[in-house]
Amino acid sequence: MKYHKRKKALILLADGTIFHGKSIGTEGSAFGEVCFNTGTTGYQEIFTDPSYYGQLMVTTNAHIGNYGTKADEIESDTIKISGLICRNFSFEYSRPAGDKSLQEFFADHNLLAISDVDTRALVSHIRDHGAMNAVITTEVDKVDELKKQLAEVPSMEGLELASKVSTKEPYYYGDENATYKIAALDIGIKKNILRNLAQRDAYIKVFPYNSKFEDLEAFSPDGYFLSNGPGDPEPLVEAQEVAKEIIKRDLPLFGICLGHQVIALANGISTYKMHNGHRGINHPVQNLLTTKGEITSQNHGFAISREDTEANPDVEITHVHLNDNTVAGIRLKDKNCFSVQYHPEASPGPNDSTYLFDQFIQNIQKN
């Protein structure tokens, strides 16, 4: 076991609360909204998920880094979290299939991470007081200065972040000779979503977040997809307009997570920032159409209004989160459109939700 020199570090929350820890290597300060994920595995996928852009991630699992990293277990080409907060950081890893240690992976991306934090106390604080902005830092003697900088960091509420993670130019994924063509609006898309669509005989063209419906339509797709992504859905007016045009024409449309929220907004259903969101790989959801339960992967800090959804005569709630009864899925009654608030591509052990991709292809076949 190598000896690692550890520098003192701390977490300063927007409400003034401070938690102490140690740096794992990189020095400096990182700002973002502090949130927590309860998953016991999948940390590499979490760190590279565009939906986590701008967030300081607290992992509730006691050990992080113990199985290293692997090049093909990423959801985007770069790390998207602003920083990591954990209890025990494993500098060494024991998985034969691993490519490098998590510390090396972080060093490649210049990511600030701190460990030896009382994460149980920190998560309890977030649960009680809600997700809030914070800074993690090795500059422990500059707390007053950091407080001033932290006060200027914008709230996640009202923040448009899709433009920060979306592709700059359209690109293709899959076999160009596939049976189906799908136009995907990238507002923070995960690679495994593209893999799942391609596995179902689809050729996908991925478009930037601010593309117009006419841009997507020019691909002559058989179906349309609105991706997951970070930030508040309300500022994504262009994406909402795309959704409205697709729905108006009754074309096959599927949305996941942020895409689900955009579809809701396109139908006059409001969204709101949750107290601390849903982030983990064991969230229980019930499919109201089949009555079956699903163990799901979730990652969102916003949700759609249940009251607005129930009041909309054109929309049906198809899935509910069993922990808090929030809306986890909807479909339009007279249009070829459905969406879910969770991640069917994640497969966090169980594959309970992958049927949703099959359902999308079936909707395309029926069109």
Side-chain angles (χ1 to χ4, degrees), residues 49-54 75-76 80 154 156-171 173 181-191 193-194 197 204-219 221 223-273 299-305 308-309 312 314-315 327 329-332 335-345 356 360 363:
D49 181 349
S51 296
Y52 281 122
Y53 183 87
E75 293 295 352
S76 67
K80 293 300 190 294
M156 191 65 76
E157 191 164 11
L159 201 58
E160 184 279 301
L161 293 177
S163 60
K164 307 290 187 184
V165 297
S166 179
T167 182
K168 303 302 180 191
E169 299 291 336
Y171 66 92
Y173 189 96
K181 292 168 64 177
I182 294 171
L185 189 68
D186 176 12
I187 47 179
I189 202 163
K190 292 171 64 179
K191 286 184 181 293
I193 288 174
L194 296 173
L197 292 172
I204 307 103
K205 186 173 183 180
V206 183
F207 292 84
Y209 79 102
N210 56 352
S211 300
K212 303 284 191 291
F213 170 74
E214 290 74 22
D215 300 327
L216 279 66
E217 184 186 34
F219 181 51
Y224 295 80
F225 177 77
L226 299 186
S227 81
N228 62 293
D232 192 330
E234 285 195 17
L236 297 177
V237 177
E238 291 163 311
Q240 293 168 38
E241 288 302 316
V242 169
K244 287 177 183 177
E245 289 298 320
I246 297 168
I247 292 166
K248 185 169 72 174
R249 290 164 170 77
D250 197 18
L251 301 169
L253 176 61
F254 179 28
I256 288 177
C257 208
L258 186 60
H260 159 79
Q261 296 160 10
V262 166
I263 287 172
L265 287 165
N267 285 278
I269 296 168
S270 63
T271 59
Y272 63 94
K273 190 176 189 299
N299 165 22
H300 59 103
F302 291 81
I304 74 171
S305 165
D308 287 0
T309 309
N312 191 317
D314 300 321
V315 179
V327 178
I330 60 172
R331 75 175 183 91
L332 271 60
K335 300 289 184 180
N336 198 342
C337 172
F338 74 105
S339 61
V340 291
Q341 184 60 83
Y342 52 98
H343 285 273
E345 82 289 344
L356 292 162
F360 181 38
N363 285 357

K.L.:
Got a donor-acceptor contact below 3.5 angstrom from the Gln341 side chain to the Gly329 backbone?
P.N.:
no

K.L.:
Ignoring hydrogens and geometry, is there a side-chain-to-backbone donor-acceptor pair from Asn363 to Asn336 under 3.5 Å?
P.N.:
no

K.L.:
We want to know whether Thr167 and Asp186 form a side-chain donor-acceptor pair, criterion being a heavy-atom distance below 3.5 angstrom.
P.N.:
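Short answer, no.
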
K.L.:
Nearest 0.5 Å, please: how far is NZ in Lys190 from NZ in Lys80?
P.N.:
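Taking NZ in Lys80 and NZ in Lys190, the distance rounds to 12.5 Å.
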
K.L.:
For a 4.5 angstrom cut-off between non-hydrogen side-chain atoms, does Ser339 reach Ile330?
P.N.:
yes

K.L.:
Could you check whether any side-chain heavy atom of His343 comes within less than 4.5 Å of a side-chain heavy atom of Cys257, counting everything from C-beta outward?
P.N.:
yes

K.L.:
Between the side chains of Glu234 and Gln261, does any donor sit under 3.5 Å from an acceptor?
P.N.:
no

K.L.:
Evaluate the side-chain proximity of Ile269 to Val327: yes if any heavy-atom separation is below 4.5 Å, no if none is.
P.N.:
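The answer is no; the side chains never approach within 4.5 Å.
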
K.L.:
Which pairs pass ring pair (Phe, Tyr, Trp, His ring centres under 6.0 Å) with one or both residues in residues 227-249, sequence neighbours excluded?
P.N.:
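Passing the test, one end in residues 227-249: no pairs.
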
K.L.:
State, to 0.1 Å, how close Gly229 and Ser51 come at their nearest heavy-atom pair, and which atoms those are.
P.N.:
N-OG, 3.3 Å

K.L.:
Decide if atom NZ of Lys164 counts as having more than 12 heavy atoms of other residues, nucleotides or ligands within a radius under 6.0 Å.
P.N.:
no

K.L.:
Side-chain contact, heavy-atom cut-off 4.5 Å: Val165 with Pro230?
P.N.:
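Contact flag for Val165/Pro230 side chains = yes.
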
K.L.:
Where the side chain of Glu160 meets the backbone of Ala162, is there a donor-acceptor pair that is under 3.5 Å apart?
P.N.:
yes

K.L.:
Return the NE2 to CD1 distance between His260 and Ile263, rounded to the nearest 0.5 Å.
P.N.:
8.5 Å

K.L.:
Students often mix this up, so state it plainly: with edges at 30° and 60°, are the rings of Phe254 and Phe225 parallel, tilted or perpendicular?
P.N.:
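Aromatic pair Phe254/Phe225 classed perpendicular.
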
K.L.:
Looking only at heavy atoms, what is the nearest atom pair of Thr309 and Ser305, with distance?
P.N.:
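What the structure gives for the nearest pair is OG1-O, 2.6 Å.
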
K.L.:
Mind checking whether Leu236 and Leu265 have side chains closer than 4.5 Å, heavy atoms only?
P.N.:
no

K.L.:
Enumerate, atom names and distances included, each donor-acceptor pair closer than 3.5 Å involving a side-chain atom of residues 207-216, sequence neighbours excluded.
P.N.:
from   : atom 1 : to     : atom 2 : distance (Å)
Ser211 : OG     : Pro208 : O      : 2.8
Asp215 : OD2    : Lys212 : N      : 2.8

K.L.:
Working to the nearest 0.5 angstrom, can you tell me the gap between Arg249 CZ and Tyr224 OH?
P.N.:
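Here the interatomic distance stands at 8.0 Å.
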
K.L.:
Closest heavy-atom contact between Pro233 and Thr271?
P.N.:
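Shortest heavy-atom separation between Pro233 and Thr271 comes out as CG-OG1, 3.6 Å.
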
K.L.:
Between OH of Tyr173 and CD1 of Ile204, what distance do you get to the nearest 0.5 Å?
P.N.:
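Atom-to-atom, Tyr173:OH and Ile204:CD1 are 7.5 Å apart.
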
K.L.:
For Val315, is there any backbone N or O sitting under 3.5 Å from a side-chain donor or acceptor partner on Asn267?
P.N.:
no

K.L.:
Could you check whether any side-chain N or O of Lys181 sits under 3.5 Å from a backbone N or O of Phe219, counting only pairs where one atom can act as donor and the other as acceptor?
P.N.:
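Flag set: sc Lys181 to bb Phe219 pair under 3.5 Å.
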
K.L.:
Are any side-chain N or O atoms of Asp232 and backbone N or O atoms of Glu157, one a donor and one an acceptor, separated by less than 3.5 Å?
P.N.:
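Looks like no, no N/O pair under 3.5 Å.
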
K.L.:
What I'd like to find out is whether the side chain of Leu161 reaches to under 4.5 Å of the side chain of Met156, using heavy atoms alone.
P.N.:
yes

K.L.:
Quick check for you: to the nearest 0.5 Å, what is the distance between Tyr342 atom OH and Ile256 atom CD1?
P.N.:
9.5 Å

K.L.:
Looking at every non-hydrogen atom in both residues, tell me the closest pair between Gly188 and Ser227 and how far apart they are.
P.N.:
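Scanning both residues completely, I find the closest heavy atoms to be N-OG, 3.4 Å.
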
K.L.:
Before giving the answer on side-chain contact (heavy atoms from CB on, under 4.5 Å), spell out for Ile246 and Leu251 the whole-Å C-alpha distance, their side-chain angles and the decisive distance to 0.1 Å.
P.N.:
CA-CA 6 Å; Ile246 297 168; Leu251 301 169; 3.9 Å; yes

K.L.:
First locate atom CD1 of Ile189, then atom CG of Leu197, and finally report the distance between them rounded to the nearest 0.5 Å.
P.N.:
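So the gap between those two atoms works out to 7.0 Å.
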
